[in-house]
Amino acid sequence: MSQAEDSRAPTAPQAVTPFAGPASLRQNELSPESLYEKCTALARNLWWSWHPEVTNLFRELDPVRWRQLDHNPIALLAEFTPQRLEARAAELVLYTRINQAYRRLKEYLAAENTWSNVHAGVLGSKPVVYFSAEFGIHESVPIYSGGLGVLSGDHIKSASGLGIPLVAVGLFYAQGYFKQQLDIDGYQHEEYLQSRVDTLPLEPAVGADGLQVTVSIDTRSGQILAKVWKMAVGRVSLYLLDSNVEGNSPEDRELTSRLYGGDTRIRIRQELVLGVGGVRAIRALGIVPGVYHLNEGHSVFATLEAVRGRMDRDGFSFDDAVREVARQTVFTTHTPVPAGHDRFDGGLMEEHLGPMRDGLGISHDQLMGLGRVEPHNGSEPFCMTVLGLKLSRRANAVSSLHGNVSRKMWSSLWPARVEEEVPIGHITNGVHVPSWLSWQMLQLYDRLFPVNWFKRMGEPDVWQKIHECDPGELWEIHYALKNFLLQFVRRRLSRQCRRRGESDAAVEAAQSVLDPHVLTIGFARRFATYKRADLVLGDLEKLARLVSDPDRPIQVIFAGKSHPADEPGKGLIRTIANLHHDPRFAGRIVFVEDYDINVCRHLIQGVDVWLNNPRRPLEASGTSGQKVVLNGGINCSILDGWWAEAFDGRNGFAIGRGEIHSNPEVTDARDAAALYDVLEKEVIPLFYERDADGLPRQWIRMMMNSISSLAWRFSSHRMVMDYARSCYVPAAGGLSCDMHSR
Ligand SMILES: *Cc1c(COP(=O)(O)O)cnc(C)c1O
């Protein structure tokens with residue numbers, strides 16, 4: 001990727017003042033002369049995390065500690081003195097590479113001829129403010145739990161790459177999400193670890209007075225304070241609110257410490273800090289938003305604070321301010337089941353939003369009405385998604401199918417319209433290619449694709465070149481990646497066995513599980529019951545036959561966490577984890593603990609097949625299968641979420657044909673049968689059909705079809721370009737031909 005930087009667009013820059021990057025970076029740039037300062041500057045901008053040549057630099061400094069420290073370069077550098085770092089760099093001949101990486105970061109931050117300056121110039125100096133409750137950027141920054149967070153992380157990385165003027169707002173969770181450990185019975189236990197601020201790429205976000213910005217939010221039961229941190233993600237600044245402030249009650253100091261950890265009261269207080277606190281933080285930093293993008297309902301209180309601000313500053317009436325804020329606001333919904341949307345009762349709302357509605361000059365009923373489908377229905381709670389839909393001019397779902405589901409679910413908000421005309425569009429999710437692409441595939445693409453392919457990841461032509469690849473070479477790369485995966489799994493499993501106090505024999509056996517010649521299926525995601533991790537276990541006799549077939553066996557790697565309160569989900573984990581006690585499955589079906597970005601990266605880079613079998617249509621999009629595509633893996637999935645629009649008959653496998661039965665048990669039984677069917681009749685035969693050279697020609701053809709037809713479409717570059725063209729530019733007052741506005 002060294003030649004092909006995504007920041008440089010081919011066209012000359014237009015006369016637009018680009019949104020200035022993070023100020024601290026510009027300070028850092030002043031004169032870091034020493035090697036240590038250069039390494040520190042690299043470690044303090046998460047740009048390094050999607051540049052494997054920079055990641056490799058850190059790893060080489062001390063490979064063992066690198067792994068032990070969760071791939072955290074700041075923690076790693078803290079173990080070096082400048083002298084020792086110089087010595088180590090000299091020993092490993094790293095000088096040139098460090099200087100080069102540092103120069104590239106500087107060039108990246110300074111580049112002005114970006115895609116955005118050419119195509120979205122109207123955004124100018126008023127940035128998009130992107131709100132999300134979680135951000136999954138790298139495993140060393142534990143402020144995410146799963147798919148929503150990884151999507152937000154990928155979104156801001158692509159916004160950075162495309163040069164979109166965007167700042168992001170989230171919460172700083174000092175304990176993040178939990179670490180998962182299974183006990184000897186396969187039962188999930190949760191452990192919360194306290195992060196140390198000084199080992200994260202955080203710095204205080206300072207206001208005009210040179211002090212760290214702190215915001216306060218009044219409630220009927222007292223004030224909540226939050227201080228603001230800043231994190232540099234390429235050209236994007238991510239601001240994180242943290243309630244661990246002197247002046248808060250002991251409970252409130254813990255308010256933002258865990259993701260999704262508390263009850264409804266903690267939830268509304270967290271969302272108050274995120275939405276209302278977030279808008280105040282942005283204001284205190286002197287940033288004037290051009291667009292608000294609210295990613296999922298957690299942050300939509302932001303709209304109320306924005307309305308209050310317009311009334312205050314511009315003297316607007318409440319109704320005029322609502323219209324103005326809605327014009328600027330983009331809302332993305334992710335939840336296809338009614339029960340999944342945050343709802344708060346009148347008491348919680350009055351306690352927490354009472355002072356806000358005083359400021360807005362509206363009654364309790366008026367406020368509640370903003371979050372109700374039927375504004376005057378006193379028994380209806382306040383729903384964050386309803387507020388989001390009412391206070392945004394543009395709303396979208398995250399896949400085509402999810403768009404249909406969302407229009408149907410919310411059609412009662414627009415009683416005068418037929419369902420197809422409910423103003424919720426869709427922009428299908430995508431993934432950040434550089435973050436999920438293996439080094440080996442990157443080398444291949446760099447050789448095959450046009451020199452500037454990194455700037456053009458969202459274009460179909462670029463990826464057609466994969467068909468010119470030598471099939472044997474592609475297969476060899478895939479085989480190497482699969483071996484890396486198996487080594488990773490064995491290392492993890494033997495560590496798990498040792499921790500649980502299992503016998504030396506068990507620890508030893510874990511070192512030799514799985515076979516690289518066997519068709520390897522990966523299944524890893526949140527263990528929510530609708531994702532049906534146990535679907536493939538529906539007929540254990542049959543599964544046992546498939547696993548131990550003498551000629552054409554399969555093996556399965558599982559991973560995933562269950563929400564701490566989700567006992568049925570934990571039950572699923574236990575069932576699967578305990579299969580290793582069954583001699584039919586031992587060493588052939590394994591469960592890797594503590595699914596996170598790191599585990600995900602290993603899995604999606606090495607599997608032959610990625611299995612996804614949610615109960616349709618409950619998977620809004622799903623993104624893990626998109627990561628698999630980039631690395632040559634094949635998707636085998638229910639026609640749900642992104643796969644419903646991605647599958648073309650030649651680029652992967654479909655389980656069933658998208659039927660839904662009103663009785664979920666019937667659906668489950670049918671889907672299980674369809675899953676075995678596709679495995680036995682399509683997946684297994686195609687994988688094991690070899691030519692004279694031992695190559696599965698048709699399989700390799702499918703890998704190529706998958707890459708050429710899917711990689712560009714389901715990249716976050718394409719996704720963010722879609723948001724820019726059809727949401728950001730029109731919301732900022734530019735022209736567009738968008739279909740989401742109302
Ligand atoms: C990509 C990713 C997800 C999202 O995967 P789904 O397909 O939506 O299940 C979840 N968790 C982690 C750690 C990821 O990297």
Side-chain angles (χ1 to χ4, degrees), residues 49-50 70-71 132-155 157-158 176-180 259-260 295-296 332 334-336 340 397-399 401-402 428-438 488 522-533 535 557-563 569 572 592-607 609-631 633 635-644 646 652 710 714-716 719:
S49 68
W50 67 91
D70 252 342
H71 309 151
S132 184
E134 44 172 315
F135 287 89
I137 299 159
H138 185 259
E139 58 266 24
S140 63
V141 186
I143 55 170
Y144 67 95
S145 77
L148 182 73
V150 173
L151 178 79
S152 308
D154 282 1
H155 190 108
K157 288 171 183 174
S158 276
Y177 202 50
F178 65 90
K179 293 249 161 217
Q180 176 194 53
L259 257 146
Y260 310 135
N295 187 43
E296 188 55 318
T332 303
H334 293 261
T335 313
V398 291
S399 70
L401 180 61
H402 180 228
T428 305
N429 288 342
V431 295
H432 187 241
V433 175
S435 294
W436 298 106
L437 190 57
S438 60
F488 172 79
F523 182 103
R525 45 185 49 84
R526 202 155 47 85
F527 267 60
T529 43
Y530 81 84
K531 299 202 185 221
R532 301 187 298 190
L535 196 72
I557 305 171
F558 282 97
K561 294 175 180 177
S562 188
H563 186 279
L572 284 182
V592 180
E593 286 179 2
D594 205 32
Y595 184 53
D596 68 353
I597 287 178
N598 183 40
V599 175
C600 182
R601 195 189 305 110
H602 280 91
L603 286 170
I604 56 100
Q605 292 182 354
V607 293
V609 170
W610 192 248
L611 180 62
N612 180 35
N613 46 232
R615 194 175 289 145
R616 194 175 192 263
L618 299 186
E619 191 67 86
S621 166
T623 55
S624 52
Q626 302 170 345
K627 304 167 188 168
V628 169
V629 166
L630 305 171
N631 295 290
N635 280 275
C636 177
S637 171
I638 294 278
L639 291 168
D640 196 12
W642 77 286
W643 194 240
L710 304 172
F714 300 99
S715 70
S716 55
M719 171 181 77

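Whatever order the structure lists ligands and atoms in, that order sets their numbers, starting from 1.
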Problem - Euclidean distance, Cys636 SG relative to Phe523 CZ, rounded to 0.5 Å - result: 11.5 Å
Problem - Verdict with reasoning, Asn429 to Thr623, per side chain to side chain donor-acceptor pair (under 3.5 Å) - result: CA-CA 7 Å; Asn429 288 342; Thr623 55; over 6 Å; no
Exercise for the section: Looking only at distances, please establish whether an N/O atom of ligand 1 is found under 3.5 Å from an N/O atom of Ser624. Expected result: yes
Practice task
Could you tell me whether Asp154 and Lys627 make a salt bridge, using a distance below 4.0 angstrom between a side-chain N and a carboxylate O?
Solution key: no
Problem - Ligand-side contact atoms (ligand 1) for residue partner Arg525, heavy atom cut-off under 4.0 Å - result: 9 (O)
Practice task
Would you please test Glu296 and Ser132 for side chain to side chain donor-acceptor pair (under 3.5 Å) and show each step?
Solution key: CA-CA 7 Å; Glu296 188 55 318; Ser132 184; over 6 Å; no
Exercise for the section: Drop me the distance from Ser152's OG to Lys157's NZ, to the nearest 0.5 angstrom. Expected result: 11.0 Å
Completion exercise
Closest to atom 11 (N) of ligand 1 among protein heavy atoms sits Tyr595 CE2, 3.6 Å
Practice task
Give the residue, atom name and distance (to 0.1 Å) of the protein heavy atom nearest atom 10 (C) of ligand 1.
Solution key: Gly147 N, 3.4 Å
Practice task
Under 4.0 Å, heavy atoms only, figure out whether ligand 1 is touched by the backbone of Val150, its side chain, both or neither.
Solution key: side chain
Handout entry: Close approach, Arg526 and ligand 1, non-hydrogen under 4.0 angstrom
Key = no
Fill in the blank from the handout: atom 2 (C) of ligand 1: closest protein heavy atom, distance to 0.1 Å, is Lys627 NZ, 2.5 Å
Practice task
Can you label the angle between the Tyr260 ring and the Tyr177 ring as parallel, tilted or perpendicular, going by 30° and 60°?
Solution key: perpendicular
Handout entry: Contact check: Thr623 vs ligand 1, nitrogen or oxygen atoms, below 3.5 angstrom
Key = yes
Problem - Asn612 side chain reached by Trp643 side chain, heavy atoms, under 4.5 Å - result: no
Exercise for the section: Report, in ascending order of atom number, the atoms of ligand 1 lying under 4.0 Å from any heavy atom of Ile597. Expected result: 13 (C)
Handout entry: Nearest-contact summary for atom 13 (C) of ligand 1 - protein heavy atom, Å
Key = Asp596 C, 3.5 Å
Problem - Close side-chain approach of Phe488 to Val599, heavy-atom, < 4.5 Å - result: yes
Practice task
Check whether any heavy atom of Lys531 sits under 4.0 Å from an atom of ligand 1.
Solution key: yes
Exercise for the section: First locate atom OG of Ser140, then atom CG of Asn598, and finally report the distance between them rounded to the nearest 0.5 Å. Expected result: 10.0 Å
Handout entry: Under-4.0 Å heavy-atom contact with ligand 1, by part of Phe523 that carries it
Key = neither
Handout entry: For Cys600, atoms of ligand 1 separated by under 4.0 Å from a heavy atom
Key = 14 (C), 15 (O)
